[in-house]
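Encoded as structure tokens, the structure appears first; notes follow it.
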Amino acid sequence: MKFAKSYEPGNYEADIYAAWEAAGIFSPSIPTYPVDADGDGVDDRAEAKKASRNIHSRPLRDNGNAPSEASPMTMGRGERVANESFLMPNESTYSIVMPPPNANGNLHIGHGLTVATEDSLIRYHRLKGDSSWYIPGADHAGFETWVVYERTLEQSGHTRFEYDRDELYSRVWNFVSEQRGNMELQLRALGASCSWKDLTFTLDENVIDRVYTTFEKMWNDGLIYRGEKLVNFCPKHRTAFADIEVEHQDEKGTLWDIEYRLSGSELAANEHFANPSESRGDESSRVPDSTGRRPDSATRLSPGVQQTVHEREFGPADSIVVSTTRPETLFGDTAIAVNSNDERYKDLIGKKVRIPLSGREIPIIADEHADPEYGSGAVKITPAHDFDDFEVGERHDLPRIQVIAEDGTMINVPEAYAGLTTEKCRKQVLKDLKEQGYLKGEKKIQHSVAHCYKCGTVLEPMLKSQWFVDVEKLAKVAIDHLENNEIKFYPANKQKVLIDYLKNLKDWNISRQIPWGIAIPMFHKVTEDATDEPDWIFDRRTNLKQIEKAGVTYVRDEDTFDTWFSSSHWPIVCTDWTPENYNPYYPLNVMETGADILFAWVARMIMVGLYVTGEVPFKEVYLHGLVLDAHGKKMSKSKGNVINPMDLVAKYGSDAFRIGILRGRSAGMNQAFSENSVISGRNLMNKLWNISRFIQGMVDGEGESGENISKHSIDTDSQNHNGHGRVSGTEIPGRDRLSRCDFDDRESSELRNISPDSISYSTLNMGEDWICRELNDCKHQIEADMANYRFAEAVETLYQTIWDKYADWFLESQKIYQNTNLLKTTLEMILIMLHPFAPFATEAIWQTLSWTEGFIATANWPADLVYDPISAENFISLITIVSEVRGTLQTLPGTNNAKKYGLYYDKDSLVEDNALLIQTLSHVPFISSLDGTPQGLRLALANHELYLDVPEKVVKAYHDSLEEKILSVGRELDALNARMMNPNYVDKAPAALVRETRDQIEEKEKLISRLKAQFALI
RNA sequence: GGGCUUUUAGCUCAGUUGGCUAGAGCGCAGCAUUCACAUUGCUGAGGUCACAGGUUCGAGCCCUGUAAAGCCCACCA
């Protein structure tokens, strides 16, 4: 294949992905395996061991839905540990599960970051030779999808209440099926090297099965209970939420002061609504005028008055004023609470008051919940509609009266208010209270209000019977394991944050009142009395509305599970963990996900993972932050600053996007992202493409001329051929390749060119030794970065190594004469190292190069290169010289100086031996020796006698620059001297450092004296 | 109220047990054009490392405090 002039990602990406997929290279090489699959009573691990060496010979599992047909033989926990030894020495495993994107959605920028991160890890480990398994997923996204579906339902003029749950479920299933697929195509476009045949959908049967098993175990263990508790309820969607799903927003509100009059007082006795069930009729209009008794009330009620009521200034002690933001709930009041330390109300504790507009009698109680500093210091208690009041109610055993129905309208209230929405009811109540003289003041306040995170509706605390998980024990176990440092967190501080969260965790409401989800496998006996909580039994037959058991009919609970309840099984279900299976992929090596779902998801996966398997579900957690827009603002549709990853992929290529989004990003941080970083990624791909094109050209040229530089090649084993000790890494080149040659069915000899001869090379000049050193350093840096999830640093290192070192210096130096074997070897090394981050371009190049075989995606991570360290270090001197020549020439007046002025050297073997190289790199017209007499302009180098052949008048023009240089070197010298003058430094600093400082001083002094000599000449 | 994080060049970020003469990308300025690459090459300008103390021979880094920005949890009758 020929290299086009520039890299056009669109011409390659789709084909490359299809080829990878067709070759099945994304499946792990080691299968999970029943300990005794054939049921012959013999441990099959020996056979599995054989099988694992023949990669792809055995499907990991038949499909995403069917659990493997394990024999009933179970394996104890201890035995599982022993199984680890079954792995071959070099066959370590590496597993990541994808946080499942919404099955019917499109990928957003966060998914882009997720894939870039996870896929670089997986590809890196695949290159390293680990049996790597990246398991893709799709989320039914219970509530999210439901909201979308319900909207389309409403648009077609229907409502959910026209259908039963089973009907709705199948309708949404079809809806999702139609939409599904986009997200999977987009994952492919991003290069996600996941094992597609193992894709897990959150409603797959094995998922539901596992969730039911866990639920049953919890039920039997007494961790599941049904409780009437206050839940956050969205009246629009008519479902409850977990605490974590609630969005709190600070809003302006009003705090009203309402008077409750003591019963038994003259006034109360005269009132005629002692019976709460009595119809209110139009009584509001004929309420007795109370203002006569309360001369100050009228003034307080003037419109718009803002006033805080702190003192007992309301008149005689036959009433009490409470402060509330929700006057409409007064019909549900079952007490008034005051603080026992509040002198103003001490004598009222134990007395009874009547609720305005209702007349029902409620007690005044003492509870610390009442804050004397807030409002009037007295608070009405509505246990059925406020979380705090609910707790007060529990403490004092108060009744709970529900006055707001699930649809957000009033119930169990006087007729005049019944059926009103809470909003309308509030207006009416305030109007009536005002007219009847109960409203004593109002005040604007700032308070936070719970909203539905999807539709923004104000959530109503609602009394409902729901399924709860008693989390205390689960959290305790999780905390123990976390404190035992069994999971390493990136960033590290999240470990403590998570532990603190678990310590304060409240019981987990797992019921949702939406049809789209996993049905809760509970059935209840039909009882005559609807008020009593019925008997519940566990049963998996949730496809049936009612079941018979021992002659008794049970009816299915209509609720579904909170998605987090099933999601918390994700590492278990994706790896198909079962107690019977040998499964080296659980626990996962790392859980990579967004920092924003640390509590909602990560915490629950840990609790459930431990509960189900006894092990933490993953060894490490890497959390990424939010991707913000270029100005550091959160992306949102309303702001119009949303970046669609697919647009960038289409425009610049998948690799450019991946590199762009990983740059400048670190664990747990919300960081900005802009198209510029993608552009620079695109540029790197093009650079790499042209590097490869250039090298291919040189390789081709070599073939045509028949001159093979490889005759200079040395056997890699003879490392001391040239006098200098040659260094080598710990790995022997070639060995690594041999160890993984079984990546497909071909014979190893047909595979890649792996004979030691063909990959051997010898270095012929300093630049070659130097690039070997730099590439080794780069590789070690990447290894360290990947081990610590420092993706941005790894990419940065590669970027600089490829561009600033490999292209700008090494390749430039190769323009004089080519070491083709080394060019091939180093290019391969660069491509492989970059592959985890830029899978497509590196593969496109790999497939285009004439000498490479197989897929780069399954190549072997490179071994260290062998080189001469002294020679490598000398090249640094050469770089310094060339840079100084270039810099000085640029500073001189005039243009095209590089072509005008030659370079003289005096007794300098480095320059003499490399004259051609220096000339090529600096473009000077000539380099020649000087016989002891300085001539032209001396370069500011301490250890080299070099002069530019510059006429005297140009040298004079350099006067100012030279003076500036002398001053700046002088300042550096002063600083160094000051350091050495400090006796404490000489005494206490490490000897090597002091020595280094001395050397630096010496060098600076030498340089400055030379510059001064030059200066004097001008 | 409790906790976490951030503050380094115009912008976005590195700076791993203190050794720094503080780096990168983008942007900016100048120069270069038969060269693998203009998606290019070369050169350069640009920083009181938020502020104030402290520890140390030595602080961008460690400690204390302050300020600003952002996030999380709780409370908000």
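Since this is a predicted model, take the numbers as computed values, not measurements. Reminder, nothing fancy here: chain letters follow the sequence lines and each chain counts from 1.
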Contact class for [X] vs. all strands (heavy atom < 4.0 Å): base, sugar-phosphate, or nothing?
X      : value
A/E8   : base
A/Q671 : sugar-phosphate
A/S666 : sugar-phosphate
A/E972 : base
A/R682 : base

- Message: Tell me whether A/D785 is salt-bridged to A/R790, with the criterion being a basic N under 4.0 Å from an acidic carboxylate O.
- Response: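 Salt bridge flag = yes for A/R790 with A/D785.
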- Salt bridge or not for A/K444 and A/E251, using N-O below 4.0 Å?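 Here A/K444 does not pair with A/E251 in a salt bridge, since their nearest N and O are not under 4.0 Å apart.
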Applying side chain to side chain donor-acceptor pair (under 3.5 Å), can you list everything that pairs with [X], at least two apart in sequence or on another chain?
X      : result
A/Q249 : none
A/T382 : A/D333, A/K380
A/E675 : A/K651, A/Y652

Whole angstroms only, please: what is the [atom1]-[atom2] distance between [X] and [N]?
X      : N     : atom1 : atom2 : result
A/K899 : B/C31 : NZ    : C1'   : 12 Å
A/D804 : B/A24 : CG    : C1'   : 9 Å
A/D987 : B/C57 : CG    : P     : 10 Å

In terms of side-chain heavy atoms of [X], which of [options] is nearest?
X      : options             : answer
A/R790 : B/C57, B/G25, B/G15 : B/G15
A/F694 : B/A36, B/C26, B/U39 : B/A36
A/N984 : B/U39, B/C57, B/A36 : B/C57

- Message: Could you check, using the six-membered ring where one of them is a Trp, whether A/Y12 and A/Y7 have ring centers closer than 6.0 angstrom?
- Response: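 Here the rings of A/Y7 and A/Y12 have centres that are less than 6.0 Å from each other.
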- When you match A/H631 and A/D386 each to their closest nucleotide on RNA chain B, which lands nearer the 5' end?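 By nearest-heavy-atom nucleotide position, the 5'-most residue is A/H631.
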- Would you kindly compare A/N493 and A/S680 by the position of their nearest RNA chain B nucleotide and give the one closer to the 5′ end?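 First, find each residue's nearest nucleotide; the 5'-ward one identifies A/N493.
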- Query: Looking only at atom P, what distance separates B/C26 and B/A22, rounded to whole Å?
  - Reply: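 So the two P atoms sit 22 Å from each other.
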Collect all protein-nucleotide pairs involving nucleotides 40-42 of chain B in which both atoms are nitrogen or oxygen and the distance is under 3.5 Å.
residue, atom, partner, partner atom, Å
B/U40, O3', A/K687, NZ, 3.4
B/G41, OP1, A/K687, NZ, 3.2
B/G41, OP1, A/W803, NE1, 2.1
B/C42, OP1, A/D808, OD2, 3.2
B/C42, O2, A/Q890, NE2, 3.1

Anything under 3.5 Å between a donor and an acceptor, one on a side chain of residues 987-997 of chain A, the other on a protein residue two or more places apart or in another chain? List them.
residue, atom, partner, partner atom, Å
A/T997, OG1, A/Y985, OH, 3.0
A/T997, OG1, A/L993, O, 2.8

Please write out each protein N/O paired with an N/O of nucleotides 70-75 of chain B under 3.5 Å, distance rounded to 0.1 Å.
residue, atom, partner, partner atom, Å
B/C75, O3', A/D388, OD2, 3.4

- Item | Side chain A/R400, main chain A/F390, donor-acceptor under 3.5 Å |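 Answer holds: no.
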- Item | Watson-Crick or G-U wobble mate for B/G44, both contacts under 3.5 Å |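 The base-pairing partner of B/G44, which may sit in any strand shown, is B/C28.
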- Message: Under a 3.5 Å cutoff, is there a donor and acceptor pairing between the side chains of A/Q696 and A/S850?
- Response: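 There is such a pair (donor and acceptor under 3.5 Å, judged by atom type) between the side chains of A/Q696 and A/S850.
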- Message: Does the structure place the NZ or CZ of A/R663 under 6.0 Å from the centre of the six-membered ring of A/Y799, at an angle of no more than 45° from the ring's axis?
- Response: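 So A/R663 does make the cation-pi contact.
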- Message: Please tell me if A/K5 has a side-chain N or O lying less than 4.0 Å from either OP1 or OP2 of B/C37.
- Response: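 Looking at the OP1 and OP2 atoms of B/C37, one of them is under 4.0 Å from a side-chain N or O of A/K5.
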